[in-house]
Asks: 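Attaching a single structure in structure tokens format; questions to follow.
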Amino acid sequence: IGEIQRFLRDDGTVKVSRSIKELSNKIRKAKDDLTKEYRRTPTVNEIAIHLGVTPEEVVFAGDANRSLTSIHETVYE
Amino acid sequence: MENKMDLSFSAKSENESFARVTVGAFLAQLDPTMEELTEIKTVVSEAVTNAIIHGYDNDESGMVYISAVLRDNEIEIVIRDEGNGILDIDEAREPLFTSKPELERSGMGFTIMENFCHEMKVVSEPLLGTTVYLKKQLTKSKAICR
Amino acid sequence: MENKMDLSFSAKSENESFARVTVGAFLAQLDPTMEELTEIKTVVSEAVTNAIIHGYDNDESGMVYISAVLRDNEIEIVIRDEGNGILDIDEAREPLFTSKPELERSGMGFTIMENFCHEMKVVSEPLLGTTVYLKKQLTKSKAICR
Ligand SMILES: Nc1ncnc2c1ncn2[C@@H]1O[C@H](COP(=O)(O)OP(=O)(O)O)[C@@H](O)[C@H]1O
Ligand SMILES: Nc1ncnc2c1ncn2[C@@H]1O[C@H](COP(=O)(O)OP(=O)(O)O)[C@@H](O)[C@H]1O
Ligand SMILES: [Mg+2]
Ligand SMILES: [Mg+2]
């Protein structure tokens with residue numbers, strides 16, 4: 001089943017849940033990097049510019065770790 | 001059971017991106033593909049931009065209204081303004097038609113909405129405003145791979 | 001100029017995350033720090049969860065109403081339900097007080113809201129519903145230490 005899932009997803013039907021998870025990980029890393037660089041918490045715009053996405057996307061994806069658990073549960077379990 | 005939301009916001013161009021993401025976040029509950037999500041966000045952008053620049057001529061005191069309903073595997077979106085309205089809807093829906101060529105509009109907004117949705121209806125009354133009804137079914141192929 | 005939005009949605013627990021993200025995306029226009037963003041999202045979660053589980057006892061036909069206004073460096077949020085209401089607001093606001101210990105609620109919702117905001121007001125009428133007013137100023141120090 002894992003194989004089929006991977007195949008279907010890579011075949012143009014990439015699920016939002018996975019793609020957002022990736023962005024969410026990038027946001028976490030950017031936050032760490034920029035905190036070290038600026039010696040303070042970065043702003044939403046700073047992270048957005050750093051990753052080349054809109055500030056709203058940062059907010060949306062940044063919530064993924066919380067909300068995806070529930071999406072994951074309903075969809076895949 | 002169906003899930004619904006209503007959103008309204010000032011007709012400011014900064015809110016276009018906010019509206020895209022909000023409808024996208026609501027749709028995310030149906031776990032769409034990235035393609036479907038992008039299509040819906042594009043459609044919302046087009047309709048909201050129309051409300052702001054054509055409906056209200058960028059008068060930021062106007063309000064844009066969006067409602068969305070999730071039902072089974074389908075999203076229904078209604079985007080409304082209380083602005084100028086459209087005199088000739090058939091003409092407005094034609095590909096490449098734009099009443100604001102000076103703004104370098106492409107005239108493709110309605111065509112894009114029509115292409116990315118399964119149903120589109122436009123109701124408008126000059127001086128009262130414009131309402132766009134959109135409906136999109138999501139693919140169900142996902143269900144198979146559960 | 002100020003920017004405002006109104007949002008309402010079904011009292012479903014899936015919408016808690018949607019509400020957090022929507023208010024967060026709106027706030028993004030003021031360029032908050034990631035910390036301030038988390039605080040606002042937390043506060044919205046707490047108030048929305050209260051509306052759903054205490055206000056409506058998880059009856060999903062109820063609606064939760066949020067309005068937000070951005071003004072200079074400040075966000076004002078009003079979260080309202082038309083549910084059960086609160087009999088004794090002072091008692092409800094006390095840290096650790098919960099009327100649903102069986103749900104393993106922490107009783108810290110109001111305390112968290114108070115801590116993460118500069119102002120909080122609760123107005124409630126039994127059987128009519130509850131409204132929570134919140135106000136938060138963002139730091140301006142960001143620009144200085146760039
Ligand atoms: N909400 C609206 N209010 C008033 N007029 C509108 C609205 N939406 C669309 N129109 C009219 O329909 C035309 C075509 O819209 P569209 O296909 O999006 O192209 P464009 O926005 O590039 O002009 C617009 O130029 C405008 O005259
Ligand atoms: N929207 C609401 N409607 C009705 N009662 C509420 C509402 N919000 C809070 N309350 C009451 O206030 C109490 C304290 O709320 P809170 O501090 O968030 O703790 P908890 O949610 O963990 O019980 C709740 O247990 C409930 O009795
Ligand atoms: Mg257009
Ligand atoms: Mg609570």
Side-chain angles (χ1 to χ4, degrees), chain B residues 1-32 37 40-41 44-45 47-49 51-52 56-82 138, chain C residues 1-32 37 40-41 44-45 47-49 51-52 56-82 138:
Chain B
M1 213 195 98
E2 64 172 47
N3 189 2
K4 66 178 175 184
M5 71 100 171
D6 291 285
L7 174 71
S8 57
F9 50 86
S10 312
K12 282 167 155 320
S13 59
E14 302 95 286
N15 285 335
E16 187 216 303
S17 166
F18 164 67
R20 289 163 61 90
V21 167
T22 301
V23 177
F26 192 61
L27 176 69
Q29 298 187 2
L30 294 185
D31 200 24
L37 179 68
I40 285 293
K41 290 208 272 188
V44 170
S45 275
V48 168
T49 306
I52 296 174
Y56 292 119
D57 292 323
N58 289 300
D59 172 357
E60 302 186 340
S61 66
M63 295 293 284
V64 181
Y65 303 84
I66 301 185
S67 2
V69 180
L70 305 179
R71 205 182 287 119
D72 300 323
N73 227 39
E74 181 180 277
I75 182 166
E76 210 182 289
I77 309 175
V78 180
I79 297 170
R80 184 171 66 81
D81 66 67
E82 298 174 342
L138 303 187
Chain C
M1 214 193 97
E2 65 172 46
N3 189 2
K4 66 178 176 186
M5 72 100 170
D6 290 285
L7 174 71
S8 57
F9 50 87
S10 313
K12 283 167 155 321
S13 58
E14 302 96 285
N15 286 335
E16 185 218 305
S17 152
F18 165 65
R20 290 162 59 85
V21 169
T22 301
V23 177
F26 192 61
L27 176 70
Q29 297 186 8
L30 293 185
D31 196 23
L37 174 67
I40 286 292
K41 291 206 284 193
V44 170
S45 278
V48 168
T49 307
I52 296 174
Y56 293 118
D57 292 322
N58 289 298
D59 172 357
E60 302 186 340
S61 65
M63 295 291 286
V64 181
Y65 302 84
I66 301 185
S67 3
V69 180
L70 305 179
R71 206 181 286 119
D72 299 324
N73 227 38
E74 181 180 277
I75 182 165
E76 208 182 292
I77 309 175
V78 180
I79 297 170
R80 183 171 66 82
D81 66 68
E82 297 173 342
L138 303 188

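Since this is a predicted model, take the numbers as computed values, not measurements. The sequence lines fix the lettering, A, B, ..., with proteins before strands; numbering per chain opens at 1.
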Asks: Supply the atom-to-atom distance C/K4 NZ to B/E60 CD, rounded to the nearest 0.5 angstrom.
Replies: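 Rounded to the nearest 0.5 Å, the NZ-CD separation comes out at 12.5 Å.
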Asks: Where on C/E14 is there a heavy atom nearer than 4.5 Å to chain B: the side chain, the backbone, both, or neither?
Replies: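 Contact with chain B involves both backbone and side-chain atoms of C/E14.
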Asks: Please classify the contact between B/F26 and chain C as side chain, backbone, both or neither, with a heavy-atom cut-off of under 4.5 Å.
Replies: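 Both parts, heavy atoms under 4.5 Å.
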Asks: Rounded to the nearest 0.5 Å, how far apart are CG of B/L7 and CZ of C/F9?
Replies: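 It comes to 11.5 Å.
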Asks: Evaluate the side-chain proximity of B/Q29 to C/N15: yes if any heavy-atom separation is below 4.5 Å, no if none is.
Replies: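 Yes; the side chains approach each other to less than 4.5 Å.
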Asks: Of all the heavy-atom pairs spanning C/K12 and B/E2, show the shortest one and how long it is.
Replies: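 Here C/K12 and B/E2 meet closest at CE-O, 3.5 Å.
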